[in-house]
Asker: 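Okay, here's the structure, questions in a sec.
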Amino acid sequence: MRTQVVIIGAGPAGLALGRLLEQAGVDAMILERKSAQYVLGRIRAGVLEWGSVELLDRAGAGARMHAEGLVHHGTALSFDGDRMHIDFTDLVGKQVMVYGQTEVTRDLMDIRQGTTIYEAEDVQLHDFDGQPWVSYTKDGTTHRIDCDFIAGCDGYHGVSRASLPASAVSTFERVYPFGWLGVLVDKPPVDPELIYAHHARGFALCSQRSPTRSRYYVQVAADEKVEAWSDTRFWDELRRRLDPQTAERIETGPSIEKSIAPLRSFVAEPLRFGRLFLAGDAAHIVPPTGAKGLNLALGDVALLGDALMEALQEGSDAGIDSYSVRALQRIWKAERFSWWMTSLLHVFPETGDFGRRIQRAEFDYLMGSRAARQSLAENYVGLP
Ligand code: FAD
Ligand code: DHB
């Protein structure tokens, strides 16, 4: 078998790249380790920057997002119950779209015309310094696909980055001593906007998926087990971390999904190795606090898609040569912002009372300074 681009991974990065390439008439095949159902069952990000909205529009996958997504003009931050509003429209003239990653993935799957092979086992990358090819096993038979380029969009635990010699990659990492316990519930959101809350007991987030479905998170220790959290325990803990008026208004119910995500900052450099490119979580992870993970992944593939089209259709290597440097500039800015939001809003056991006083000073500075709020808003809605 032969195709122009083999994409490893059918998460949002792989599916979006596949779509951008097929729109341009480039042949691309996607290999995904899991089933389509499994991929759709993962509950992850919920906030799209406007650049991501425009990318999905460009991919022809935006219709349901515009019909069902919720445009948010701002967000709330609270610190020990004191609340502040960050008005994106007033501060930077931009908005975000609340629309779940599951829905983005479904829309991209629905619109795809090219081949996606789900449940492709033992994917292996070969000769990406020369004439690349990829092998995989499906239903007991091993297949070979020859190609011009390989796009590694297979997430943090994927095979693409793992196929590289350690000497070829530099990695930068910070692991946080806590995770997020998330609950999805079919109840209306407590507030029209998201609420990011710092409390002495830990961080909490009130998010949403639709006018009838909410997503809530609480900071938990890194080694916490989801089985230890009954719904009642979760709701009690969430209420304790919010201001009393919000706590009272929360509509609780049986969770329809409950999971713990670890928090990590991670970047691999560079993003190009001969004819192999890394994009999305395969190359970088951000802690979820700034809602950047999915947006960064889509930003990468927008650049990579154009670069591959230029190389395959115009014979120009300019885009693929500059992909790594250009993508990393944006990635590091999002890493910084996600780390900063995480540092402001979580309880860090090791920094003690001094750390909390500094966090409070940062919050008070934001409350008193339009310039500081503007910087937060500019990063949250997405840098160019
Ligand atoms: P992924 O979505 O990870 O997709 C990679 C795909 O590659 C997967 O489908 C995987 O099955 C496949 N794959 C892996 N290995 C192989 C292989 N060997 N062969 C073939 N296929 C393979 N971001 C936010 O902004 N907010 C959040 O609340 C948030 N919560 C998260 C919770 C969790 C548990 C995780 C893991 C991430 C979360 N993120 C969040 C981050 C966000 O979801 C990711 O940044 C986004 O999914 C990145 O998309 P991607 O396509 O690069 O990677
Ligand atoms: C959601 C996740 C985030 O990381 C975030 O910052 C905002 C919302 C969510 O899952 O809804």
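All values reported here derive from a predicted model rather than from experimental measurement. All ligand and atom numbering here is 1-based and tracks the order in the structure.
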Asker: Examine Ala45 against ligand 2 and note whether any of their N/O atoms are separated by less than 3.5 Å.
Answerer: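 No, Ala45 has no N/O under 3.5 Å of an N/O on ligand 2.
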
Asker: Of the backbone atoms (N, CA, C, O) and the side-chain heavy atoms from C-beta on, which set of Ile8 has a member under 4.0 Å from an atom of ligand 1: side chain, backbone, both, or neither?
Answerer: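 The side chain, only.
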
Asker: Does ligand 2 come near enough to Tyr196 that some N or O of the ligand is less than 3.5 Å from an N or O of the residue?
Answerer: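 Looking only at distances, the answer is yes, because the N/O contact criterion of under 3.5 Å is met.
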
Asker: Considering heavy atoms of the protein only, find what lies nearest to atom 51 (O) of ligand 1 and give residue, atom and distance to 0.1 Å.
Answerer: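 Result for atom 51 (O) of ligand 1: Ala13 N, 2.9 Å.
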
Asker: State the atoms of ligand 1, each with its element, that fall below the 4.0 Å cut-off from a heavy-atom position in Leu31.
Answerer: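 Once the distances to Leu31 are compared, the set is 20 (C), 21 (N).
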
Asker: Which heavy atom of the protein is the closest neighbour of atom 39 (N) of ligand 1, given with residue, atom name and distance?
Answerer: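 For this ligand atom, the closest protein heavy atom is Arg44 CB, 4.4 Å.
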
Asker: What residue and atom, counting heavy atoms only, is the protein's closest point to atom 8 (C) of ligand 1, and at what distance?
Answerer: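 Protein heavy atom at minimum distance: Arg42 NH2, 3.2 Å.
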
Asker: Show which atoms of ligand 2 fall inside a sub-4.0 Å distance from at least one heavy-atom site of Leu194.
Answerer: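 Here the atoms of ligand 2 in question are 7 (C), 8 (C).
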
Asker: Should we count OH of Tyr365 as having more than 12 external heavy atoms under 6.0 Å?
Answerer: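 Not more than 12 within 6.0 Å, no.
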
Asker: Whether Lys187 and Asp231 form a salt bridge (side-chain N of Lys/Arg under 4.0 Å from carboxylate O of Asp/Glu) is what I want to check.
Answerer: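 Not counted as a salt bridge, because no side-chain N and carboxylate O are separated by less than 4.0 Å.
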
Asker: Would you kindly confirm whether Val175 and Leu345 end up in one hydrophobic cluster when ILVMFWY residues are joined by side chain heavy atoms under 4.5 Å apart?
Answerer: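 No, no single cluster joins them.
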
Asker: Measure the distance from atom 46 (C) of ligand 1 to every protein heavy atom, then report the residue, atom name and distance (to 0.1 Å) of the closest one.
Answerer: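 The protein heavy atom lying closest is Gln101 NE2, 3.7 Å.
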
Asker: Can you name the atoms of ligand 2, numbered from 1 with element, that are less than 4.0 Å from a heavy atom of Thr289?
Answerer: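 Answer for ligand 2: 6 (O).
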
Asker: Between Leu184 and Leu294, is there a shared hydrophobic cluster once you connect ILVMFWY residues whose side-chain heavy atoms come closer than 4.5 Å?
Answerer: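 Result: no, two separate clusters.
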
Asker: Could you check whether any side-chain heavy atom of Val381 comes within less than 4.5 Å of a side-chain heavy atom of Glu49, counting everything from C-beta outward?
Answerer: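 When only atoms from C-beta onward are counted, Glu49 and Val381 do not touch, as no gap falls below 4.5 Å.
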
Asker: Nearest protein heavy atom to atom 4 (O) of ligand 1, by residue and atom, and its distance?
Answerer: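 Checking every protein heavy atom, the shortest distance to atom 4 (O) of ligand 1 gives Gly11 CA, 3.5 Å.
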
Asker: How far is atom 52 (O) of ligand 1 from its nearest protein heavy atom, and which residue and atom name does that atom have?
Answerer: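 The answer is Asp281 N, 2.9 Å.
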
Asker: Which protein heavy atom lies closest to atom 23 (N) of ligand 1, and at what distance to 0.1 Å?
Answerer: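 Answer, as residue, atom name and distance: Ala45 CB, 3.5 Å.
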
Asker: Is there a path of hydrophobic side-chain contacts, each under 4.5 Å between heavy atoms of I/L/V/M/F/W/Y residues, joining Leu70 to Val53?
Answerer: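 No, it is not one cluster - the side chains of Val53 and Leu70 are not joined through contacts under 4.5 Å.
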
Asker: Geometry only, no angles: is Arg215 polar-contacting ligand 2 at N/O separations under 3.5 Å?
Answerer: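 No, Arg215 has no N/O under 3.5 Å of an N/O on ligand 2.
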
Asker: Give the atoms of ligand 1, by number and element, whose distance to some non-hydrogen atom of Lys34 is under 4.0 Å.
Answerer: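 What qualifies from ligand 1 is 11 (O).
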
Asker: With heavy atoms only and a cut-off of under 4.0 Å, state how Lys292 meets ligand 1: side chain, backbone, both or neither.
Answerer: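 The answer is the backbone.
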
Asker: With backbone taken as N, CA, C and O and side chain as the heavy atoms from C-beta onward, which portion of Arg44 lies under 4.0 Å from ligand 2: side chain, backbone, both, or neither?
Answerer: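 Under 4.0 Å from ligand 2, Arg44 contributes backbone atoms alone.
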
Asker: Under 6.0 Å from the OH atom of Tyr38, do we count more than 12 heavy atoms belonging to anything else shown?
Answerer: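 Atom OH in Tyr38 is not crowded, with 12 or fewer foreign heavy atoms closer than 6.0 Å.
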
Asker: Return yes when Ile43 approaches ligand 2 closer than 4.0 angstrom through a heavy atom, no otherwise.
Answerer: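 Contact check Ile43 vs ligand 2: negative.
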
Asker: With rounding to the nearest 0.5 angstrom, report the CD1 to CD1 distance, Ile145 to Ile150.
Answerer: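 Going from CD1 on Ile145 over to CD1 on Ile150, the span is 9.5 Å.
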
Asker: Give the atoms of ligand 1, by number and element, whose distance to some non-hydrogen atom of Val159 is under 4.0 Å.
Answerer: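 This gives 18 (N) as the contact atoms.
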
Asker: How are the rings of Tyr156 and Phe266 set relative to one another: parallel (under 30°), tilted (30 to 60°) or perpendicular (over 60°)?
Answerer: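 Aromatic pair Tyr156/Phe266 classed perpendicular.
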
Asker: In terms of residue, atom name and distance, what is the protein heavy atom nearest to atom 10 (C) of ligand 1?
Answerer: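 Ranked first by proximity to atom 10 (C) of ligand 1 is Glu32 OE2, 3.5 Å.
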
Asker: What part of Ala120, side chain, backbone, both or neither, has a heavy atom within less than 4.0 angstrom of ligand 1?
Answerer: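 Looking at Ala120 and ligand 1, no heavy atom falls under 4.0 Å.
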
Asker: Output yes when the distance from some N or O of ligand 2 to some N or O of Tyr380 is under 3.5 Å, and no in every other case.
Answerer: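 Such a contact does not occur with ligand 2.
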
Asker: Just jot down the ligand 2 atoms closer than 4.0 angstrom to any heavy atom of Leu205, in number order.
Answerer: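 Here the atoms of ligand 2 in question are 3 (C), 5 (C), 7 (C), 8 (C).
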
Asker: Where on Tyr217 is there a heavy atom closer than 4.0 Å to ligand 1, on the side chain, on the backbone, on both, or on neither?
Answerer: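 Side chain only.
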
Asker: Should you measure from each heavy atom of Trp180, which atoms of ligand 2 turn up under 4.0 Å away?
Answerer: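 That gives atoms 3 (C), 4 (O) of ligand 2.
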
Asker: Can you tell me if Met341 has a non-hydrogen atom under 4.0 Å from ligand 2?
Answerer: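 Judged by the 4.0 Å heavy-atom criterion, Met341 does not count as contacting ligand 2.
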
Asker: Under 4.0 Å, heavy atoms only, figure out whether ligand 2 is touched by the backbone of Pro288, its side chain, both or neither.
Answerer: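 Both of them.
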
